[in-house]
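Data block below; observations after.
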Amino acid sequence: MFIAKQTANTKSGDDMKYLTKSYEINRDVFKSDFKDCSDFLMREVILGKRRAFFFAFDGLIDSLQLSMLTKSLLSFDMPSQTPQDALEKIKEHVVCCAEMNEVETFEDSRFYLMSGFVVVYLEGCRRALAMGTQGWSKRTTDEPTNEAMVKGAKECFIECLNDNKALLRKRLKTHHLKLKQIKLGSAIETSVVLAYVDDRVNFDSLNEIEERLKNADLKTVSDYGCLMPYINTSVKSFFSTVGNTERPDVLASKLLEGRIGILVDGTPFVIYTPYLFTDNFSSLDDYDNPPFYASFTRLLKYLAFFVSLFLPALYVAIGSFHQEMIPTTLLYVIATSEASTPFGLVLEAVIIHILYEIMREAGLRLPQTIGHAVSIIGAIVIGEAMVSAGIIGEPMLVVVALTAIASYVVYPLYESVAVLRILFILLAGIGGIYALIVAMGALLMIITALNNLGVPYFAPISPLTPSSLGDTILRQSWKRLARRRVNINDLEGSSVE
C-alpha cells in the first residue's frame with residue numbers, strides 16, 4: 001500500500017489514493033474536497049483518548065439514525081489498545097448498523113459519502129468505517145404511468161436502486177435470484193445492478209454483458225440509455241434487441257425466462273436483454289384475460305402495427321400509380337378532394353406526418369396543462385383549418401388519423417415506426433406498390449438478421465420454434481402454458497449452449 005507524505009495544507013485528495021494514519025492529512029483532504037459545500041457535515045470528536053471525525057451529507061441521511069449512531073460512538077470508552085483494535089471494537093460491539101463497510105481509499109470514502117453513508121475515521125487507522133444511514137426523499141412506488149395495466153399490479157420501479165432491488169426480491173422469493181452490483185463511470189461512478197436467475201441464465205451471455213459494460217468508455221452514467229448501445233446488437237437497425245420496463249412483475253417474468261436485467265441507480269426504468277420482436281405485442285393483461293380474448297387483442301396489435309407502418313405508403317402508392325385498385329365511388333371522392341390541394345400525395349403525406357410529430361412532441365414536452373392546450377390547437381389547425389384552406393385533402397387526413405391511433409397500440413415500436421413510415425411513403429411515391437413490396441421484404445430480412453447474445457430477434461417465428469408458438473401470436477390456456485418450462489436460450493436458432 002502506497003502512503004504519500006503530505007503536509008497539513010493538503011489541497012485535494014485527487015492525487016492521493018489511500019487513507020493515511022495522519023489525522024490532520026485525512027481531515028484536511030476531505031475539508032478541501034468539499035470546500036464551499038454547505039450540505040457537507042463534519043464533526044471532530046474524542047473517542048476515549050483518540051481523535052476522530054465523522055462526516056456526511058445533509059439531505060442524504062436520516063437525522064434520527066445519525067443521532068443514535070453518534071450517541072453510541074460518544075459513549076464508547078476506548079480501552080488502551082491499538083487504533084485498529086479500537087476500530088474493530090467499534091464495528092463489532094459499539095455501533096448497531098445493518099450496512100457497514102470498511103474503506104481504505106479516498107475515492108471509496110467519497111462514493112459512500114454521497115450514497116447516504118456516514119464515514120467515521122479514527123486517528124492512527126488507515127481504514128475508515130462507512131455506515132448506512134440513508135434517508136433522502138424519494139417517490140413512492142405508485143401505479144406505473146407508461147405501462148398501465150387494467151388487471152395487473154399497481155406498483156412500479158422508482159429512482160432509488162435499493163428500493164428497486166427490494167421490489168424485485170419481493171416478486172422472486174428465491175435464492176436463485178442474484179443482484180450483482182458494479183460501478184460504472186470513470187469520472188462519476190454510478191451503481192449498476194445485473195439481475196438474473198442463476199439456474200435459468202446463460203453465464204456466457206452474462207459475462208459478455210458485464211465485460212461490455214466494464215469496458216464501456218463512459219465518464220458517467222446519467223440514464224439507462226447510456227448503456228443500451230453497449231448491450232444492443234452490433235447490426236445497424238431501426239429495431240432494438242434491448243427492452244425496458246418500469247414494472248417489477250414484467251422484469252420478474254423476463255428473468256424467469258433466462259434473460260438478464262440491468263438496473264441503473266437514479267432511473268425508474270430497467271432494461272433487459274435478449275429482447276424479441278414478439279415481446280412488443282404482449283402485455284401482462286394477456287395472462288389475466290381469457291385466452292380467446294388475449295389472442296384477439298394480440299391479433300389486433302399485429303394488425304395495428306401493419307396499419308401504422310404501411311397504410312400511408314399504401315395509400316400514396318395506390319393513389320399515385322394504381323388507381324384501378326380503388327373502387328370507382330371512392331376514387332371519385334379522392335380525386336375531387338386532391339384536385340383542390342396544391343401538393344401531390346407524397347408531399348402531402350410527408351408534410352402532415354411531420355406536422356403531427358411536431359404537435360406530439362410539443363404536447364409531450366410542455367407542462368401538462370399547456371400540453372392539453374397544444375393538443376386542442378393542433379386538432380383545430382390540422383383537422384379543420386388545413387382542410388378548409390385546401391392545403392390537405394380529407395382522405396389523407398383520415399389516413400393519418402388512423403395511422404396515429406394505430407401507432408400507439410404498439411407503443412414500444414413507436415420510434416421505429418415513425419421514421420420507417422416516412423421512408424416507406426417516399427419509396428411508394430417513387431416506385432408504387434412494387435417498391436413498397438421490395439421495402440417490406442428488406443425490412444423482414446433486417447428483422448430476421450438481428451441477433452443478440454446468440455438469440456435471434458425474430459424467434460420463435462424465424463427460426464420456427466413450434467413449442468413456443470402457444471404464447472406468441474396466440475395465447476394458450478394456463479393449463480398448457482404451465483406444463484412447459486420456457487427459456488429464451490432454448491429457442492431454435494439460438495447459438496447459446
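Computed from heavy atoms alone, side chains included, the values below leave out hydrogens, waters and symmetry copies. Values in this document were obtained by computation on a predicted structure and should not be read as measured data. This chain uses plain numbering: 1 for the first residue, then up along the sequence.
Within the 4.5 Å cutoff, the side chain of Phe157 has heavy atoms near those of the Leu251 side chain. Contact annotation: the side chain of Met149 never approaches that of Asp288 to less than 4.5 Å [non-hydrogen atoms, C-beta and beyond]. In this structure, the side chains of Arg421 and Ser308 come closer than 4.5 Å at one or more pairs of heavy atoms. Looking only at side-chain heavy atoms (C-beta outward), Ile90 and Met131 stay at 4.5 Å or farther from each other. Using a 4.5 Å heavy-atom cutoff, the side chains of Lys254 and Val250 are in contact. Using a 4.5 Å heavy-atom threshold, the side chains of Ile158 and Asn164 count as touching. For the pair Leu443/Leu309, a side-chain contact is recorded, criterion being any heavy-atom separation below 4.5 Å from C-beta on. Between Leu300 and Val409 there is no side-chain heavy-atom pair separated by less than 4.5 Å.
Counted within 6.0 Å of CD on Glu394, heavy atoms from surrounding residues, nucleotides or ligands total 12 or fewer; the atom is thus considered open. Residue-environment remark: CZ (Arg480) stays at or below the threshold of 12 foreign heavy atoms within 6.0 Å. The 12-atom threshold is exceeded at CG of Leu474, counting heavy atoms of other residues, nucleotides or ligands nearer than 6.0 Å. Atom CZ of Arg43 has 12 or fewer heavy atoms from other residues, nucleotides or ligands within 6.0 Å. By the neighbour-count criterion of 12 heavy atoms within 6.0 Å, atom CE of Met68 is sparsely surrounded, having that number or fewer from other residues, nucleotides or ligands.
Looking only at distances, a side-chain donor or acceptor of Asn487 sits under 3.5 Å from a matching main-chain atom of Arg200. When atom types are taken as modelled, the side chain of Thr233 and the backbone of Asn452 share no donor-acceptor pair closer than 3.5 angstrom. Remark: the backbone N or O of Asp204 is not paired with any side-chain donor or acceptor of Asn207 at under 3.5 angstrom. No side-chain donor-acceptor contact under 3.5 Å links Arg298 to the backbone of Ser282. Formation of a donor-acceptor pair under 3.5 Å by the Glu147 side chain with backbone atoms of Glu246 is found in this model. Listed for the Asp279 side chain is a donor-acceptor partner under 3.5 Å among the backbone atoms of Leu276. A donor-acceptor pair under 3.5 Å links the side-chain atoms of Asp285 to the main chain of Val150, judged by distance alone. Using a distance-only test at 3.5 Å, with no hydrogens or angles considered, no donor-acceptor pair links the side chain of Lys154 to the main chain of Lys151. A side-chain donor-acceptor contact under 3.5 Å links Arg169 to the backbone of Leu177.
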Asp223 vs Thr267, side-chain hydrogen bond (donor to acceptor under 3.5 Å, both in side chains): CA-CA, chis, key distance, verdict: CA-CA 6 Å; Asp223 206 353; Thr267 176; 3.0 Å; yes
Go through the steps for Phe117 and Gln134 under the test side-chain contact (heavy atoms from CB on, under 4.5 Å), then give the verdict. CA-CA 6 Å; Phe117 283 69; Gln134 298 92 331; 3.2 Å; yes
What verdict does the side-chain contact (heavy atoms from CB on, under 4.5 Å) test give for Thr297 and Asn289, after you've listed the backbone C-alpha separation in whole Å, the side-chain angles of each residue and the deciding distance to 0.1 Å? CA-CA 10 Å; Thr297 55; Asn289 291 323; 5.6 Å; no
For Lys180 and Asp198, what are the C-alpha separation, side-chain angles and deciding distance, and is it a salt bridge (Lys or Arg N to Asp or Glu O under 4.0 Å)? CA-CA 11 Å; Lys180 185 176 182 179; Asp198 64 358; over 6 Å; no
Residue pair Leu206, Lys178: steps toward the side-chain contact (heavy atoms from CB on, under 4.5 Å) verdict: CA-CA 12 Å; Leu206 177 66; Lys178 307 301 180 183; over 6 Å; no
Begin from the C-alpha positions of Ser205 and Ile260 and carry the test side-chain contact (heavy atoms from CB on, under 4.5 Å) through to its verdict. CA-CA 9 Å; Ser205 301; Ile260 303 167; 4.2 Å; yes
Walk me through whether Thr141 and Asp163 qualify under side-chain hydrogen bond (donor to acceptor under 3.5 Å, both in side chains). CA-CA 9 Å; Thr141 57; Asp163 286 7; over 6 Å; no
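The ring pair (Phe, Tyr, Trp, His ring centres under 6.0 Å) pairs that include a residue from residues 281-301 are Phe277-Phe281, Phe281-Tyr302, Phe281-Phe305, Tyr287-Trp478, where partners are two or more places apart or lie in different chains.
In this structure, the ring of Phe55 has its center no less than 6.0 angstrom from the ring center of Tyr121. Ring-centre distance between Tyr414 and Tyr408: below the 6.0 Å cut-off.
Across all their heavy atoms, Arg475 and Pro290 have their closest contact at NH2-C, 3.7 Å. Contact between Gly258 and Asn489 at its shortest, heavy atoms only, is O-ND2, 3.8 Å. Nearest heavy atom pair, residue Glu189 against residue Glu107, reads OE2-OE2, 3.1 Å. Nearest heavy-atom pair, Ala313 versus Leu436, reported as atom, atom and distance to 0.1 Å: CB-CD1, 3.8 Å. In terms of heavy atoms, Pro248 sits closest to Cys156 at CD-CA, 3.9 Å. In terms of heavy-atom proximity, Pro274 sits nearest to Val455 at CG-CG2, 3.8 Å.
Atom CG of residue Leu179 and atom CG of residue Leu161 lie 9.0 Å apart, to the nearest 0.5 angstrom. Considering CD of Glu208 and CD1 of Ile231, their distance stands at 11.0 Å, rounded to 0.5 Å. The distance from the CG atom of Leu255 to the CG atom of Leu172 is 6.0 Å, given to the nearest 0.5 Å. Within the model, atoms CD of Glu210 and CG of Asn215 stand 10.0 Å from one another, a figure rounded to the nearest 0.5 Å. In this structure, CD on Glu357 lies 10.5 Å from CG on Leu355, to the nearest 0.5 angstrom. Distance check, rounded to the nearest 0.5 Å: CG of Leu66 to NZ of Lys71 gives 13.5 Å.
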Give the table of side-chain donor-acceptor pairs shorter than 3.5 Å for residues 459-466, with sequence neighbours excluded, one pair per line with atom names and distance.
residue: Thr465; atom: OG1; partner: Glu492; partner atom: N; Å: 2.9

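The aromatic rings of Phe106 and Phe30 are tilted relative to each other, their planes meeting at an angle between 30° and 60°. Note on ring orientation: taking the six-membered ring where Trp is involved, the planes of Phe269 and Tyr224 are tilted (angle from 30° to 60°).
A side chain to side chain contact (heavy atoms under 4.5 Å, CB included) with Pro312 is found for exactly one of Ile425, Val400, Val350, namely Ile425. Remark: of the listed residues Val242, Thr245, Ile262, Asn244, Thr245 is the sole one forming a side chain to side chain contact (heavy atoms under 4.5 Å, CB included) with Tyr272.
Judged by distance alone, the side chains of Thr241 and Asn232 do bring a donor and an acceptor atom under 3.5 Å apart. Side-chain atoms of Asn280 and Tyr275 form a donor-acceptor pair, as typed in the model, at a separation below 3.5 Å.
The pair Glu155-Lys170 meets the salt-bridge criterion, with a side-chain N (NZ, NE, NH1 or NH2) lying under 4.0 Å from an Asp/Glu carboxylate O.
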